[in-house]
Amino acid sequence: MPPTSNGQIADALDELGDLYELDGAVIHRVLAYRNAAKVIRDAPVSVAALTREGRVTELAGIGATLEQKIRDLIETGEIPAAVKLRARFPAGLLAITALPGLGPKRARRLFDELGIDSPQALEEAARAQRLRTLRGFGAKFEESVISALEAGGAPDHVSQRTVLDRALAVGEDLLAALRELDGGARVELAGSARRRAESVKDLDIVLDRPELLERVGELELIETASRTSAGAARARTHSGLTVELRAVAPEQFGDLLQHLTGSAAHNAALREWAVRRGLHISEYGVLDDATQQSDTFATEEELYGRLGLPYIEPELRENRGEIEAAIAGALPALVELGDIRGDLHCHTTASDGHATVAEMAQAACDRGYEYLAITDHSASHGFGNDVSPDQLRRQIELVRAADEQLKGIRLLAGSEVNILPDGSLDYDDELLGELDWVIASVHTAFSLSSDAMTARMIAAAEHPRVHALGHLTGRMIERRRPYSLDVDAVLAACARTATLVEINSSPKRRDLNEVHARAAAAAGVGIVINSDAHSPGGLDALRYGIWTARRAWLGPGEIVNTLPWRKFDARRKHA
DNA sequence: GCCGTTTTCGGCCCGACTGTTTTCAGTCG
């Protein structure tokens with residue numbers, strides 16, 4: 001079957017870009033393919049469907065040539081140009097370009113002049129000191145090739161990314177410790193951690209006190225620290241995370257913070273746009289062609305203001321249309337943690353949680369929530385944490401009794417019901433009818449075919465007693481790929497049946513991801529942001545779901561659990 | 001290959017670092 005998912009189309013264009021680069025194409029042509037791949041990967045609608053409708057060139061960065069290549073891909077499974085180029089360049093050549101210090105230009109010379117077509121061939125040539133015979137290559141290069149290959153070759157396996165919660169556990173403490181060293185210092189997280197991405201490569205920290213760079217090594221969290229230049233230091237935490245620190249004068253803080261927050265794609269697009277208006281942005285300031293005057297900015301608000309733009313929230317800075325929206329004055333008002341009125345997914349000791357109903361209810365009260373659904377696992381969950389129908393009946397009574405006692409919060413008797421492989425649920429309809437709230441999720445048989453998994457999810461959405469689908473794709477960040485499944489088809493079923501979808505806030509899941517969450521909103525599907533807490537403190541995971549929603553451009557109007565209970569109740573499905 | 005307040009051709013972000021070179025191309029973030 002030809003590749004039709006956005007991810008598959010994007011992968012094919014990335015590969016073609018790499019091949020063209022090896023072929024010596026002008027870099028801007030290569031970048032056009034990479035840009036198109038990113039646009040397609042981030043698109044909230046099916047690009048295959050757009051292509052069939054003849055509308056794919058509506059996407060920024062897709063013109064007639066790319067349209068034809070995408071059409072070939074989804075109709076025949078191949079892009080002719082890619083087939084041709086693959087025959088000319090061995091796969092091992094692309095592996096070589098992944099090594100540090102080796103890009104396409106140098107890899108191509110190694111291939112043309114020494115016949116090197118794989119990392120193995122490269123290592124042999126380096127040990128035989130044959131690389132230094134090429135002009136521009138020397139002994140140092142041979143050494144670095146050998147040590148890179150000895151270190152495990154492909155850097156993908158070496159540079160494991162860290163999931164955001166682990167990175168922030170260190171990063172937020174680090175900020176606090178640095179601020180303690182100097183009460184007046186501005187110290188901020190930058191990079192992907194500040195954009196609240198799913199995972200990070202390292203931590204970037206910006207400060208306005210150069211002298212603090214000398215003292216990073218004193219901090220308890222830090223294993224080693226060293227100065228890398230006058231305004232920079234690099235440290236390693238005991239948890240193994242690399243921290244890049246940069247210091248700058250207060251009047252330039254905004255310039256550097258904006259630069260290091262990125263993303264690279266956002267900055268590149270912003271700078272290209274600025275150049276057309278005669279302005280050159282760098283980490284050091286904004287240079288005006290007309291006056292040859294360079295201005296610096298203490299805050300990002302002033303920097304964006306100099307460009308004539310409103311402030312753009314870090315979560316939006318991924319070059320997914322935020323610059324165009326800023327120019328048009330059409331940036332979304334993003335949802336905030338304080339907008340949330342209730343949490344609709346948590347566990348207690350009845351299944352695999354660590355706290356009682358009363359403890360979870362109190363914790364929700366403490367966070368100012370107006371309602372909380374208790375949703376333990378269901379009858380077939382296993383791991384000794386299953387809840388039999390009789391146990392569920394007792395749990396319902398327990399929740400109702402606790403609801404009577406606690407004032408100020410409405411407790412909902414719910415369940416996180418397993419969706420069995422055939423799409424049925426593991427409680428009968430009568431028992432489900434006694435519940436106030438049902439969220440349906442997959443916890444078994446992850447490897448069904450895409451068609452079977454899609455049918456399974458649609459069946460659950462069509463069930464009259466199911467209010468919401470939980471963690472729809474099953475992915476675990478940096479650990480487990482999503483199930484193969486037609487998300488668009490499931491979202492269409494949810495829209496049709498008034499079934500809500502969850503953004504599961506567990507930092508390991510964040511499922512729906514930001515692309516699917518944006519697609520859900522575009523399809524008119526109501527979204528709930530839930531913690532999936534297994535303890536009172538677990539309720540605080542909600543911020544990760546909020547960040548995913550913000551990265552999906554969502555405002556409070558698209559998040560159903562920003563509504564007070566009566567309005568929420570009116571908005572959801574009724575059997 | 002894309003795109004337009006330099007609009008159908010001629011541009012396409014910015015700066016630091018590296019290793020190899022006598023002034024810079026390639027790579028990286």
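So you know, we letter chains A, B, ... as the sequences are listed, proteins then strands, and number each from 1.
Note on A:Ala64: only backbone sugar-phosphate atoms sit closer than 4.0 angstrom, heavy atoms only; bases stay farther off. Counting any heavy atom pair closer than 4.0 Å across all strands shown, A:Ile27 reaches no nucleic acid atom. At the heavy-atom level, A:Ala36 lies nowhere under 4.0 Å from the strands shown. Within the 4.0 angstrom heavy-atom criterion, only backbone atoms of the sugar-phosphate kind lie near A:Ile281; the bases stay farther away.
The closest side-chain heavy-atom distance from A:Ile312 to A:His266 is below 4.5 Å.
Residues A:Glu15 and A:Arg86 are paired through a salt bridge, judged by an N-O separation under 4.0 Å between the basic side chain and the carboxylate. Checked for salt-bridge contact, A:Asp14 and A:Arg41 meet the test: a charged N lies under 4.0 Å from a carboxylate O.
Checked options A:Glu113, A:Lys105, A:Arg106; the residue passing with A:Arg109 is A:Glu113 (criterion: side chain to side chain contact (heavy atoms under 4.5 Å, CB included)).
Side chains of A:Asp288 and A:Gln292: a donor-acceptor N/O pair is absent below 3.5 angstrom, by distance only.
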*Which parts of nucleotides 16-29 of chain B does protein reach within less than 4.0 Å, heavy atoms only, written one letter per nucleotide 5' to 3' as B for base, S for sugar-phosphate only and - for none?*
S---SSS---SSS-
_Assess the residue pair A:Tyr304 and A:Leu270 against the criterion (side-chain contact (heavy atoms from CB on, under 4.5 Å)); give the C-alpha distance rounded to whole Å, side-chain angles, the decisive distance to 0.1 Å, and a yes or no._
CA-CA 10 Å; A:Tyr304 282 106; A:Leu270 186 70; 3.9 Å; yes
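Of the residues in residues 298-328 of chain A, not one places a heavy atom less than 4.0 Å from an atom of DNA chain B.
Across all strands shown, nothing is found opposite B:dT8 as a Watson-Crick or G-U wobble partner with both distances under 3.5 Å.
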